[in-house]
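Atoms within a ligand are numbered from 1 in the order they appear, just like the ligands themselves. This is a predicted model, so every value here is computed, not measured.
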Amino acid sequence: MSRCASKELDPGLRRDDEEIFWNRITQSGIKLLSIATRYAVFGQPIAHSLSPRIHASFGAQLGIPVDYRAIEAGPNDFADALARFAEEGGRGANITLPLKQDAMAHCADISDRASRCRSINTLTRYDDRWHGDSTDGVGLLRDLLLHLDFDPNSKNCLVLGAGGAARAVAFALSDAQVRRLAIANRTQARADDLARALGAAPRVDVLRWNDLPDTSAFDLVINATAAGHSDASLDLPRNLVTKETLVYDLSYGPAAMRFVEWAHANGARASDGLGMLVEQAAESFLIWHGQRPETTPVLAEMRALTGSRGA
Ligand code: ATR
C-alpha cells in the first residue's frame, strides 16, 4: 500500500472502518490494474480508416501489444465519446475529419506546432488530462523526404486550400525553408489569414484562384482542399506543372483519384497522401510508446491493401 494512502487514513478510524477503507483502496487498485490502456482514432466517417491497421502493424513490428480502435464521433457527440474513452483507459487518440479543430477545446495544453496550425491530430493522456499535438506537418515532410525523394528546401511550392490540413502543411513547408510558398484558396480571405499567420515572410504569397492560369509552374503542388471528398473538380490549369513537378494530394483512396489523374494527364509525378498517413501515425506512436516504428514496410503493406501506388 502506498505511503500516500496510509497517510490519508484517519487515525481515529475504528478497526472495522479501517478494514472497509483498505478494501476500498484494494478494490480500486484492482479496478485500475484491470483497465487496459487503449488508443483510438475519432472522426466521422471513420469506418474505413486505415489507422487501426497501421498501429497494429507498428505494434507487431516492435512487440508492443496495441489496443487501437476506430470510434465514430461527430462534432455533437465528440466530447461525450472522448470522456467515455478516457474513463475506459484511453491513453492516446488520433483525431481526424471533422474534429481537428474541435479537439483543441479538450486539451489542458497544446504543443507549439499544433497551436500554430490550430489543428490537433494527436491527444495524449497524462495527469488525467489531454495534451494536444499535431504530427501532420512532420508526417508530410517525412513522406516527401523518405518515400518520394523530394526535399522541399529551396523549392517553389503551391498549397491549394487554407483549412486545417493546409495550415499544418504550410507551416511544415515554411519550416523546411522552401524558396516560395504560394497559397491559393477558393475563399481568398482564408488564404490571406494563413499567410498572415505564417508571418507574411517575403517568400509567402497568396494567389487568387482566377490568376492560376497566368502563373508559372511549381516544383511541388499540394492539394489540401476537401474537394476530392465530394468528388468536386478543382478545374486547375495545366501551366501549374511540368514533368519535373511533384503533385501531392493529402487525401488517399478515391478522394485523391481526380487530382492524381489530373497530374498524370499533364505529365507530372503524383502521389496520394497514404505515406503521410503512415508517417503521422508513426510520429503519434513514438509519442505514446517511446519507440519509432519502421514505416517503409508498413507503407508497402497499406499500398498492397488499398491498391494505391506511390509516385
Ligand atoms: P480541413 O481541416 O480538412 O482542411 P476545412 O478546414 O473544412 O477542412 O477546409 C477545407 C478546404 O477545402 C478549404 O480550403 C475549402 O475552401 P474554402 O475555404 O473556400 O471553403 C476547400 N474546398 C472544399 N471544397 C472545395 C471545392 N469544391 N473547390 C475548392 N476548394 C474546396
Quiz item: Can you check whether a protein heavy atom sits less than 4.0 angstrom from atom 7 (O) of ligand 1?
Solution: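 No.
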
Looking only at protein heavy atoms, which one is nearest to [atom], and how far off is it?
atom	value
atom 12 (O) of ligand 1	Ala226 N, 2.9 Å
atom 13 (C) of ligand 1	Arg190 NH1, 3.6 Å
atom 19 (O) of ligand 1	Thr187 OG1, 2.5 Å
atom 2 (O) of ligand 1	Gly164 N, 3.3 Å
atom 16 (O) of ligand 1	Asn185 OD1, 3.3 Å
atom 9 (O) of ligand 1	Gly163 CA, 3.5 Å

Salt-bridge criterion met for [X] and [Y] (N-O under 4.0 Å):
X	Y	answer
Arg303	Asp272	yes
Asp136	Lys100	yes
Arg167	Asp193	yes
Arg180	Asp219	no

Self-check item: Ring-face cation contact, Phe150 with Lys155, 6.0 Å cut, 45° max
Solution: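 Satisfied, under 6.0 Å and within 45°.
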
Self-check item: Shortest heavy-atom approach to atom 20 (O) of ligand 1 - which of His229, Arg167, Gln188, Arg186
Solution: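 Among His229, Arg167, Gln188, Arg186, the closest heavy atom to atom 20 (O) of ligand 1 belongs to Arg186.
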
Quiz item: Around Arg258, counting heavy atoms of other residues, nucleotides and ligands shown, do more than 12 lie under 6.0 Å from its CZ?
Solution: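 Enclosed.
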
Exercise. State whether the number of non-hydrogen atoms from other residues, nucleotides or ligands found under 6.0 Å of Asp149 atom CG is greater than 12.
Key: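 No, the 6.0 Å shell around CG holds no more than 12 heavy atoms from other groups.
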
Exercise. Of the side chain and backbone of Thr225, name the one, both, or neither that has a heavy atom under 4.0 Å from an atom of ligand 1.
Key: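 The answer is both, backbone and side chain.
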
Going by the order shown, which atoms of ligand 1 are within less than 4.0 Å of some heavy atom of [X]?
X	result
Leu97	3 (O)
Ala232	27 (N)
Leu234	28 (N), 29 (C)
Ala165	1 (P), 2 (O), 4 (O)
Gly161	14 (O)

Quiz prompt | Side-chain (Asn239) to main-chain (Thr215) donor-acceptor, under 3.5 angstrom | solution =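 Side chain of Asn239 to backbone of Thr215, a donor-acceptor pair under 3.5 Å: yes, one is there.
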
Quiz item: Could a heavy atom of Lys100 be found less than 4.0 Å from some atom of ligand 1?
Solution: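 Under 4.0 Å: no for Lys100.
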
Quiz item: Are the side chains of Val221 and Thr245 in touch, meaning some heavy atoms are under 4.5 Å apart?
Solution: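 Heavy-atom side-chain distance check passes, below 4.5 Å.
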
Self-check item: Identified side chain to side chain donor-acceptor pair (under 3.5 Å) counterpart of Asn121 within the set Thr96, Asn94, Thr135
Solution: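 One option only clears the test, and that one is Thr135.
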
Practice problem: Ignoring angles and geometry beyond distance, decide whether Ala162 reaches within less than 3.5 Å of ligand 1 through its nitrogen or oxygen atoms. | Solution: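 Yes; the residue has a nitrogen or oxygen that sits under 3.5 Å from a nitrogen or oxygen of the ligand.
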
